[in-house]
Amino acid sequence: MGLYVCGLTVQSEPHVGHVRSAVNFDVLQRWLRHRGFEVTFIRNITDIDDKILVKSAEQGRPWYNLAYAMKIELDKAYAALNVAPPTYEPAATGHIPEMIVLIERLIERGHAYPAADGSGDVYFDVRSWASYGELTHQGVDDMEPAADADPRGKRDPRDFALWKGRKESEPATASWPSPWGPGRPGWHIECSAMAGKYLGDAFDIHGGGVDLRFPHHENEQAQSRAAGGAFASYWMHNAWITTAGEKMSKSLGNTLSIPAILERYRGAELRFYVVAAHYRSHVEFSFDALDEAAVGYRRIEAFLDRAGTGEIGALPEAFATAMDDDLGTPAAVAVLYDTVREGNRLLAAGDDEAAAEAARSVAAMLDVLGVHPADPAWAGTGSSDGEARLTAAVDALVAGLLDERTQARADKDWARADAIRDRIKAAGIEVTDTPDGPTWTVS
């Protein structure tokens, strides 16, 4: 199975909105492999782009230095969230020859043209491709002009750039020789060329953020099919993580960098927060929600500690059904919580063997989601490690007391239940009874 995901443009430090796509599609490839598919997973890096040139100029550094430094930061963020490496991670600057060949093919087939103004630009002729707009269900006349190049050399303002002739204001290092003169590729042609090189003219799934549907993915599909390939059979788009209802971005000034968040939470807790939401649902980021996810994850860890096993067992059928239904992680996480609750009940009842079996199922689900506490990826994940282990230990102790209190209430031993609650409260911990069971926070 071929899977291509549009990676990031390495122009700035990655924030939590950036890594959502990587985490979501990491879960997808893990699930596909669990289901027995041999997955060739390609996730590209855009390391030459208008934004990179602008930001590097603002910072007074070479564009390639900025791109390289931000790629290192991105790799650190992926590792911190246990995002498995793809089969290959091609960089745009390493595939200029393939892009030139693809552009030449489009010109030969009558779907692209060099600008007549001597700029060295080459454009895709959108009106030459009758199916242009089919991915996003738009008509050409309803679209806004493409804003990726100066319109002076275009036949139609909606034509988009395949190749950008070098401008005097741009560094010479940001251009490559081509049949149309020195320049650099347009953004859209990069992914078509890289997907074609590693997955062929036809592959199974193309993924990326929902903001890429237009114009990026629409243009990718049009130019690839106009060149003679079938391209992607299925498209999957993850939604945004927003703050105050707006897409998280540098321009809005509302970014939350991964290193900053990892000063307060472990990588496993942040990943659990991300995977608990459906990949197509918009998530309004809040530290309260992240706190809730972190507490939930610690309770899962505490159960595994108490059950005395992290061995991987069989997946519950309901979990598999949820994952097969458009990667339904919210329903899958609900099965996970249900299994933990049942496991805690079994422990309280003294049925250690059945509790261990539940723990093995929990471990299997965590492994699929990429948040198994025993995964080597979580070893030595930062300065908060000691604090995290202490939190997990405290949670294990509190969980045990809460199980005793739950049993006391079930036995209608109200005095004992109140005494346990008072004991917990005296330690500075506030207990809240919810429909899903008691939760606790440090008061």
Side-chain angles (χ1 to χ4, degrees), residues 6-15 18 43-77 88-104 106-107 112-124 145-154 157 159-195 197 211-212 215-216 219-220 223 249-251 253 255 257:
C6 285
L8 293 179
T9 299
V10 281
Q11 56 170 312
S12 57
E13 187 178 56
H15 57 61
H18 285 141
R43 184 185 65 222
N44 78 292
I45 286 292
T46 296
D47 58 347
I48 182 66
D49 178 83
D50 291 349
K51 294 176 181 178
I52 292 175
L53 294 181
V54 169
K55 287 184 179 292
S56 63
E58 291 173 349
Q59 297 175 23
R61 63 198 295 190
W63 64 270
Y64 49 82
N65 173 259
L66 172 64
Y68 179 64
M70 293 304 101
K71 173 62 165 61
I72 291 174
E73 293 303 312
L74 180 60
D75 288 343
K76 291 178 182 177
Y88 189 58
E89 191 172 34
T93 55
H95 296 78
I96 303 297
E98 290 86 354
M99 297 174 202
I100 291 174
V101 169
L102 182 54
I103 294 170
E104 288 179 322
L106 287 167
I107 293 174
Y113 59 92
D117 60 0
S119 63
D121 295 343
V122 181
Y123 298 105
F124 183 85
D148 60 347
D150 194 311
R152 67 180 184 275
K154 298 182 178 183
D159 293 349
F160 58 88
L162 301 173
W163 187 260
K164 297 183 177 185
R166 180 177 177 265
K167 298 179 177 64
E168 288 299 322
S169 60
E170 296 177 350
T173 52
S175 65
W176 290 260
S178 82
W180 316 284
R184 56 189 172 86
W187 177 32
H188 314 301
I189 200 69
E190 296 177 354
C191 285
S192 286
M194 289 184 282
K197 180 177 179 66
D211 52 318
L212 300 180
H216 187 48
N219 293 350
E220 274 188 70
Q223 65 199 7
S249 67
K250 288 286 184 185
S251 61
T255 57
S257 72

> Any side-chain heavy atom of Trp180 within less than 4.5 Å of one from Ile103?
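Answer yes - side chains close enough.
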> Under a 4.5 Å cut-off applied to non-hydrogen side-chain atoms, are Met70 and Lys55 in contact?
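Side-chain contact under 4.5 Å: no.
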> Would you say Lys167 and Leu53 make side-chain contact, with heavy atoms under 4.5 Å?
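They are not in contact (no side-chain heavy atoms under 4.5 Å apart), so the answer is no.
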> What's the shortest heavy-atom distance between Ile48 and Pro185, and which atoms?
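Heavy-atom minimum between the residues: CG2-CG, 4.5 Å.
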> In Å, rounded to the nearest 0.5 Å, how long is the span from CD of Glu89 to CE of Met194?
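Going from CD on Glu89 over to CE on Met194, the span is 10.5 Å.
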> For residues Arg152 and Asp117, report the shortest heavy-atom separation together with the two atoms involved.
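Closest pair (atom of Arg152, atom of Asp117, distance): NE-OD2, 3.2 Å.
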> Run through Val10, Thr9, Thr93 and flag the one making a side-chain contact (heavy atoms from CB on, under 4.5 Å) with Ile45.
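Only match with Ile45 under side-chain contact (heavy atoms from CB on, under 4.5 Å): Val10.
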> Could you check whether any side-chain heavy atom of Pro90 comes within less than 4.5 Å of a side-chain heavy atom of Lys197, counting everything from C-beta outward?
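When only atoms from C-beta onward are counted, Lys197 and Pro90 do not touch, as no gap falls below 4.5 Å.
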> My understanding is that only residues two or more places apart in sequence, or in another chain, count here; which of them pass side chain to side chain donor-acceptor pair (under 3.5 Å) with Trp163?
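Applying side chain to side chain donor-acceptor pair (under 3.5 Å) to Trp163 gives Ser178.
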> Roughly how far apart are Leu106 CG and Gln223 CD, rounded to 0.5 Å?
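Answer for the CG-CD pair, Leu106 versus Gln223, is 6.5 Å.
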> As a test of understanding, state which of Arg184, Lys164, Lys154, Lys51 forms a salt bridge (charged side-chain N to carboxylate O under 4.0 Å, His left out) with Asp148.
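Exactly one option meets the salt bridge (charged side-chain N to carboxylate O under 4.0 Å, His left out) with Asp148, and it is Lys154.
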> Identify the heavy atoms of Ala91 and Asp47 that sit nearest to each other, and give their distance.
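Minimum heavy-atom contact is CB-OD2, 3.5 Å.
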> So which atom in Glu13 and which in Ser257 form the shortest heavy-atom distance, rounded to 0.1 Å?
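Closest approach of Glu13 to Ser257, heavy atoms only: OE1-CB, 3.3 Å.
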> Got a second to check how far Asp159's CG is from Asn219's CG, nearest 0.5 Å?
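So the CG of Asp159 and the CG of Asn219 are separated by 10.0 Å.
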> Does Tyr64 have any ring pair (Phe, Tyr, Trp, His ring centres under 6.0 Å) partners at least two apart in sequence or in another chain, and if so, which?
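For Tyr64 there are no ring pair (Phe, Tyr, Trp, His ring centres under 6.0 Å) partners, ignoring immediate neighbours.
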> Please enumerate all residues that pass ring pair (Phe, Tyr, Trp, His ring centres under 6.0 Å) together with Phe160, with sequence neighbours excluded.
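Once residues adjacent in sequence are excluded, the partners of Phe160 under the ring pair (Phe, Tyr, Trp, His ring centres under 6.0 Å) criterion are Phe124, His188.
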> Can you name the nearest heavy-atom pair linking Leu102 to Ser192, along with the distance?
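Closest approach of Leu102 to Ser192, heavy atoms only: CD2-CB, 3.7 Å.
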> Decide yes or no for Glu190 and Met99: does some side-chain heavy atom of the first lie under 4.5 Å from some side-chain heavy atom of the second?
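Side chain of Glu190 against side chain of Met99, heavy atoms only: contact under 4.5 Å found.
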> For Ala112 and Val122, which heavy atoms make the closest approach, and how far apart are they?
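Taking every non-hydrogen atom into account, CB-CG1, 4.5 Å.
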> Measure the spacing between CD of Gln11 and CG of Asp50 and express it to the nearest 0.5 Å.
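One finds 10.5 Å between CD of Gln11 and CG of Asp50.
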> Any salt bridge between Lys76 and Glu73, counting N to O under 4.0 Å?
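Salt bridge: yes.
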